[in-house]
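Scroll down for the structure; my scribbles are underneath it.
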Amino acid sequence: MSLGSLTWQKKFIDGTPGDPKIGGLPRQVPGACWSRVDPTPTPNPELRLWSREMADDLGVDRSDVDILGGCRVSGGMTPYAQRYGGHQFGNWAGQLGDGRAITLGEANVDGRTYELQLKGSGITPYSRFADGKAVLRSSIREFLCSEAMFHLGVPTTRALSLVTTGEPVVRDIMYDGNPKPEPGAIVCRVAESFLRFGSFEIHSAMGDYETLKRLVDFTISNHFEGHDPSSDEGLVRWLNRVAETTAAMIAHWERVGFVHGVMNTDNMSIHGITIDYGPFGWVEDYDPNWTPNTTDSNTRRYTFGNQRLVGEWNFARLLEAVSPLFEDPSNLYRSLEHYRTSFKSHTEAMWVSKLGLRQSAPGDDELVAQLVSLLRVVETDMTIFFRSLGTIDGLNPLDMAHAYYDEAALPVDELGLWLGKWWSRVDGDPDREAMNNANPKYVLRNWMSQLAIEAAEADDYSVAIELQDLLRAPYEEQPSSQDRWYKKRPEWARHKVGCSMLSCSS
Ligand code: AMP
Ligand code: MG
């Protein structure tokens, strides 16, 4: 089936107040949740990457490259950009909105809602001072990573397609005065909705509680079945659900070693799904203090180990935003507490499976804390360490040597000590199956995306497709791929732009 023949709905724009003006230049749009705007046609759209899993869910074929490239809108679609605000790096930033994402519409497939959105498809009323476009490198990263996250079992937005536009886009990649043209691209991404914490914050910040209430009512009745916004009790139940999914998502990030990089409140989905793949990265040598985002290298707000606290801080901003709807706002503390208890139970369960413990027991916190310090003693590869732990038989620290960047520096004593404690905790019989399902063998290491990008920029998409295939089954052994991809970060990638250093330029 073609995209155009899906059953298109427009619940969001029918159910919330919008901008009376269609399209137009960047501006403030008070009182609105969205502005109607069409994608800007591109000169030469070519389909480069395609997710057959996403396409199967939607029941669509590859025939609509013109739609995916922003050149055509079919009958039932009602394209719009969403208005939202957000706290960026801890500060209220006012109106942001979809500056370079345009929703085509909501497709109803077997009763499920799928919002299809083109990212990089031109100027909207929310583009502020920028061009509304996206470059190939960041589009490849979003496409590969969001699909990899899906197969890893991490809640995420999805990607259907990546189309190159045939149009150069100028970017100063490290913001150091070296702008250059890069190939432009558009990713079609898919989610139940792209509502963010910032979607609610903007109305509250403007004192527009009527629009806030309409958006909350819309969100609950359309996306949170069985919830009721008409009382404090109902709102707390809804927010507790948001707390749970957000906490679960961040626990998953910790499980697989994902660092979002820009956890601003406009990049926090109300559904607790990973959203807005920008300067994200994957922990290779285990370092809770690592952030891939060079814009954050001084403040280190969005490091791997800080994500749980930032999640809580962001959630508190959502609670503040909806507080005007409460008869007794002190009820909101219950949801904040719920975030903490949810996070604790999700991380506990995560460690039980990562370490093959079968069930949690007193003393596990200490075992985990000792492990986390051990991993920092010398450079240790997170993915290889946990994967290897599921295969070793006995207590020989040398069996873990492959996980160390300098095998000669293996902390034999400390590692031996910890392995001994772990081995007796699991009675010499760890739950290896649970471990293999919690500790992926393959993740999208930073240098892997970079190799895919460099090839694609030379018109060769084979590496990207190979990685897409590999990461369809990240928990499988895949012996034929092992030598190429089950590897520590190569030396060339240690300080390379695009691998260890990323900016928001995209
Ligand atoms: P981000 O931190 O990438 O999620 O983006 C923050 C805000 O900047 C969002 O409102 C984006 O829509 C907007 N933005 C980012 N890049 C562009 C661009 N090239 N053109 C227009 N708006 C953009
Ligand atoms: Mg964003």
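As the structure lists them, so they are numbered: ligands from 1, and atoms in each ligand from 1. Side-chain atoms are counted along with the backbone in the values below, which use heavy atoms only and exclude waters and symmetry mates.
- Here the heavy atom of the protein found nearest to atom 5 (O) of ligand 1 is Asp266 OD2, 4.6 Å.
- Between the Asp208 side chain and the Thr211 main chain, a donor and an acceptor come within less than 3.5 Å of each other.
- Formation of a donor-acceptor pair under 3.5 Å by the Arg158 side chain with backbone atoms of Ala191 is not found in this model.
- Of all protein N/O/S atoms, those under 2.8 Å from the Mg ion (ligand 2) are Asn267 OD1, Asp276 OD2, and waters are not counted.
- The shortest contact between atom 1 (P) of ligand 1 and any protein heavy atom is with Asn267 ND2, 4.1 Å.
- By the 3.5 Å distance cut-off applied to N or O atoms, Asp276 is counted among the residues near ligand 1.
- For Arg241, the CZ atom sits in a loose shell: 12 or fewer heavy atoms of surrounding residues, nucleotides or ligands are nearer than 6.0 Å.
- Atom OH of Tyr84 and atom CD1 of Ile202 lie 11.0 Å apart (nearest 0.5 Å).
- The heavy atom nearest to atom 10 (O) of ligand 1, considering only Gly97, Ser127, Gly99, is found in Gly97.
- With hydrogens left out, the protein atom closest to atom 23 (C) of ligand 1 is Arg100 CG, 4.0 Å, a heavy atom.
- In terms of polar-atom proximity, Asp131 is counted as a contact of ligand 1, with an N or O under 3.5 Å from an N or O of the ligand.
- When atom types are taken as modelled, the side chain of Asn267 and the backbone of Val262 share a donor-acceptor pair closer than 3.5 angstrom.
- A distance-only check finds no donor-acceptor pair linking the side chain of Asp266 to the backbone of Gly198 [under 3.5 Å].
- For atom 18 (C) of ligand 1, the closest non-hydrogen atom on the protein side is Ala130 CB, 3.5 Å.
- Against a heavy-atom cut-off of under 4.0 Å, Lys133 is close to the following atoms of ligand 1: 19 (N).
- For Arg128, a nitrogen or oxygen atom sits less than 3.5 Å from a nitrogen or oxygen atom of ligand 1, counting backbone and side chain alike.
- Between Ser506 and Arg100, the shortest heavy-atom distance links the atoms OG-NH2, 2.6 Å.
- At a cut-off of 3.5 Å, with distance as the only test, no side-chain donor of Thr113 or Glu192 sits close to an acceptor on the other residue.
- Around the CD atom of Glu53, the shell of radius 6.0 Å holds more than 12 heavy atoms that belong to other residues, nucleotides or ligands.
- At a heavy-atom distance under 4.0 Å, no atom of Ile123 approaches ligand 1.
- Taking the centre and axis of the six-membered ring of Trp253, the NZ or CZ atom of Arg308 falls outside the cone set by 45° and 6.0 Å.
- Listed here is the closest heavy atom pair of Phe304 and Asp287: CB-O, 4.0 Å.
- Residue Asp285 is tested with Lys488, Arg376, Arg489 for a side chain to side chain donor-acceptor pair (under 3.5 Å); the sole match is Arg489.
- By the criterion of a heavy-atom distance under 4.0 Å, the side chain of Arg171, and not its backbone, is placed next to ligand 1.
- Of all atoms in ligand 1, listed by their number and element, those nearer than 4.0 Å to a heavy atom of Gly132 are 18 (C), 19 (N), 20 (N), 21 (C).
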